[in-house]
Participant: 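Okay, here's the structure, questions in a sec.
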Amino acid sequence: MADSKTGGAADAIDVAYVARLARLQLSTEEIETFQRQLNSIVDYFKAIREVDVDTVQPMAHAVRVQNIFRADEVRPGLDRELALANAPVHLDDQFSVPKIVE
Amino acid sequence: MNYDVTIGLEVHVQLKTRSKMFCSCSTAFGAEPNTQVCPVCLGYPGALPVMNGEAIRYTVMAGLMLGCKISAYSKFDRKNYFYPDMPKNYQISQYDMPLCLGGSVDIDVGGQAKTIRLTRIHLEEDVGKNMHFARTSGVDFNRAGVPLMEIVSEPDLTSPEEAQAYLVALKQILLYAGVSECNLEQGNLRCDVNCSLRPRGTTPLGTKAEIKNMNTFKGVFHAAHAEIRRQTELLAAGEKIRQETLRYDPDLDITVPMRSKEYAHDYRYFPEPDLLPVVLAPETIQAWADQLPELPRQRRERFVREYGLPEYDAQVLVADKVVADYFEETARQAGNPKAASNWVMTEMLRQLAAQELEIGQAKITPRALGELIRMAESQTINSNTARQVFGILFAEGGEPAQIVKERGWGQVSDSGVLEAAVDQVLAANAKSAADYRAGKKPALQFLVGQVMKVTRGKANPAMVQAMLEQKLV
Ligand SMILES: [Zn+2]
């Protein structure tokens, strides 16, 4: 994760970069709009910086519960037809996605 | 210029759980695509993961076998990335608080012993499998969510030979620990190879490149060689090494950049809010430690000490845990470890190799082999017959005594019967008898051979020889 203590550029979300990672095609206007909106959300969270947390232990979860395990037992899942029915496209027995170039 | 090679390995090991890491779907290999899936491993909104306790235990057992420090507190994180092999767009993994830290693997290359340090072992879920068609790619999510243990080594390996030795030693320990089937054909063990070069004798490590997703040890060996060649050529031409992700092309024997993973390194890890931390009490860890088997090295030393086996024999026997178990049970049944070792090392391993079988597929049980060894040792049957009986037991199973009886192969030690045969041979071979009396010692072996022939191999050769010597004084 970006180091929240250093502030500045590390906190900014580069919308154009993330869009490229996610293969999203955004127009220049969209990038500007989302950049502005996301910046304001990040700014909002910066309020947390004002809180003194030096004496507080980091916690992984808000609930004080731990060690929730399942037994190693197999149970039936979804029928393939049902699973594939949720996909926008499928090819025979597989989920279909745009061709991946290795 | 000459370069020093530095290699670090990230080995992904499929644990031998029956169900997936965070859902109850089967992990069985070879099922039809997308038949082992559910709302959790398909990433449906609102579906919640629940940890498989057995996967945690297996990972800790592996850590204990490898001398790791087991974390009292560990947690899971989301590793975010965009690639159509995970429906959630993140993989659940462990980032800063893995289950195991440190540890090491001992290797031996060309008689040179070396300790390879481990950085960590963490637990994560496997991803789906992509298949590439003419215009599209397909995704099979059967494998998505299968528990994988990632074992990360320090960059302590200095050659492809060491990398291969490390993988062999690691696999052996994991098989002993009983945490994975380690079946390479089924992709139970996959490996990323980090490789860098630096001018000989200098300290700072060079920029590393990573070869992804190798699934054979020979492949790792060849890929590392190919990558060393590539980097050496680049450096020799005055170029810089880019930190990049590569794949190995076995047909051309070269490493090539993977375009698809170019931007994939920005993982933005954050704690997985759907899972709770794992807190392991010292008593829990101790209870698991108490169930651990011996390490291969310890077992080898014990075989030498306890059974008086030569170092080499002990090493061959412990190489495969199943073979070592088989040997120990045979030794117990036969009451003779040295003879048991000889039989397993020679007849057994030879037949297995010849027929390309695993020891578990041979029909001969340790109890039957033990009995056969006792029969041979007590000279109820001679050594040739024993080998023949072994062949039958190996292929068909059964009881050695029964086989010997049915085929009339029992060794004849009845002195009356033997004497008749000896007399018959002496009468028919008067010249050889005279030769022996005249001092031609080899004539005796010829006469023993004749008696064996007359008795169709069943005579006790030691008794025959003694009898002949007595009669030819
Ligand atoms: Zn599932």
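We name chains A, B, ... by the order of the sequence lines, and we start the count at 1 in each one. What you see below is based on every heavy atom in this structure, not just the backbone, and it leaves out hydrogens, waters and symmetry mates.
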Participant: Need one label for A:Leu91: side chain, backbone, both or neither, based on atoms under 4.5 Å from any heavy atom in chain B.
Facilitator: side chain
Participant: What is the minimum heavy-atom distance between A:Gly77 and B:Cys38, and which atoms define it?
Facilitator: CA-CB, 4.0 Å
Participant: Measuring heavy-atom distances to chain B, does A:Asp79 have an atom under 4.5 Å in its side chain, in its backbone, in both, or in neither?
Facilitator: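 Contact with chain B involves no heavy atom of A:Asp79 at all.
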Participant: Among residues two or more places apart or on two chains, list those pairs meeting ring-ring contact (aromatic ring centres under 6.0 Å, His included) that have a residue in residues 18-40 of chain B.
Facilitator: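 For residues 18-40 of chain B: B:Phe22-B:Phe76.
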Participant: Would you mind reporting whether B:Met51 and A:Ile68 have side-chain heavy atoms less than 4.5 Å apart?
Facilitator: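 Side chain of A:Ile68 against side chain of B:Met51, heavy atoms only: no contact under 4.5 Å found.
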Participant: Given a strict heavy-atom distance threshold of 4.5 Å, which part of B:Gln36 is in contact with chain A: side chain, backbone, both, or neither?
Facilitator: neither
Participant: Looking at B:Phe133, is its backbone amide N or carbonyl O close enough to the side chain of A:Lys99 to form a donor-acceptor pair, meaning the two atoms are under 3.5 Å apart?
Facilitator: yes
Participant: Non-hydrogen atoms of chain A under 4.5 Å away: do they reach the side chain of B:Pro39, the backbone, both or neither?
Facilitator: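 For B:Pro39, backbone and side chain are both near chain A.
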Participant: Would you say that B:Ile56 contacts A:Phe69 through its side chain, given a criterion of any heavy-atom pair below 4.5 Å between the two side chains?
Facilitator: yes
Participant: Which of the residues A:Leu78, A:Val18, A:Asp72 is involved in the greatest number of heavy-atom pairs with chain B at under 4.5 angstrom?
Facilitator: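 Most heavy-atom pairs within the cutoff with chain B belong to A:Asp72.
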Participant: What do the steps show when you test A:Asp93 against B:Asn34 for side chain to side chain donor-acceptor pair (under 3.5 Å), and what is the final call?
Facilitator: CA-CA 7 Å; A:Asp93 50 14; B:Asn34 296 305; 5.9 Å; no
Participant: So do the side chains of A:Arg80 and B:Glu32 get within less than 4.5 Å of each other, counting heavy atoms only?
Facilitator: yes
Participant: Name each donor-acceptor pair under 3.5 Å that joins a side chain in residues 270-283 of chain B to protein atoms two or more places apart or in another chain, with its distance.
Facilitator:
unit_1   : atom_1 : unit_2   : atom_2 : d
B:Glu272 : OE1    : B:Arg78  : NE     : 3.1
B:Glu272 : OE1    : B:Arg78  : NH2    : 3.0
B:Glu272 : OE1    : B:Asp274 : N      : 2.8
B:Glu272 : OE2    : B:Arg78  : NE     : 3.1
B:Asp274 : OD2    : B:Arg78  : NH2    : 3.2

Participant: Taking non-hydrogen atoms and a cut-off under 4.5 angstrom, which of residues 134-142 of chain B neighbour chain A?
Facilitator: B:Ala134, B:Arg135, B:Thr136, B:Ser137, B:Gly138, B:Val139, B:Asp140, B:Phe141
Participant: Would the distance check show the side chain of B:Arg18 and the main-chain N or O of A:Glu73 forming a donor-acceptor pair, the cut-off being under 3.5 Å?
Facilitator: no
Participant: Report the C-alpha distance between B:Leu42 and A:Phe95 in whole Å, list the side-chain angles of each, state the deciding distance to 0.1 Å, and finish with yes or no for side chain to side chain contact (heavy atoms under 4.5 Å, CB included).
Facilitator: CA-CA 11 Å; B:Leu42 287 176; A:Phe95 292 88; 4.0 Å; yes
Participant: Name the one of B:Ser24, B:Cys23, B:Ser19 that satisfies side-chain contact (heavy atoms from CB on, under 4.5 Å) with A:Arg75?
Facilitator: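 Among B:Ser24, B:Cys23, B:Ser19, the one that satisfies the side-chain contact (heavy atoms from CB on, under 4.5 Å) with A:Arg75 is B:Ser24.
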Participant: Which residues, numbered in order, of residues 31-40 of chain A come under 4.5 angstrom of chain B by heavy-atom distance?
Facilitator: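 Hits under 4.5 Å: none found.
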Participant: Measure distances from B:Asn130 to the heavy atoms of chain A and classify the residue's part below 4.5 Å as side chain, backbone, both or neither.
Facilitator: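 Contact with chain A is through the side chain of B:Asn130 alone.
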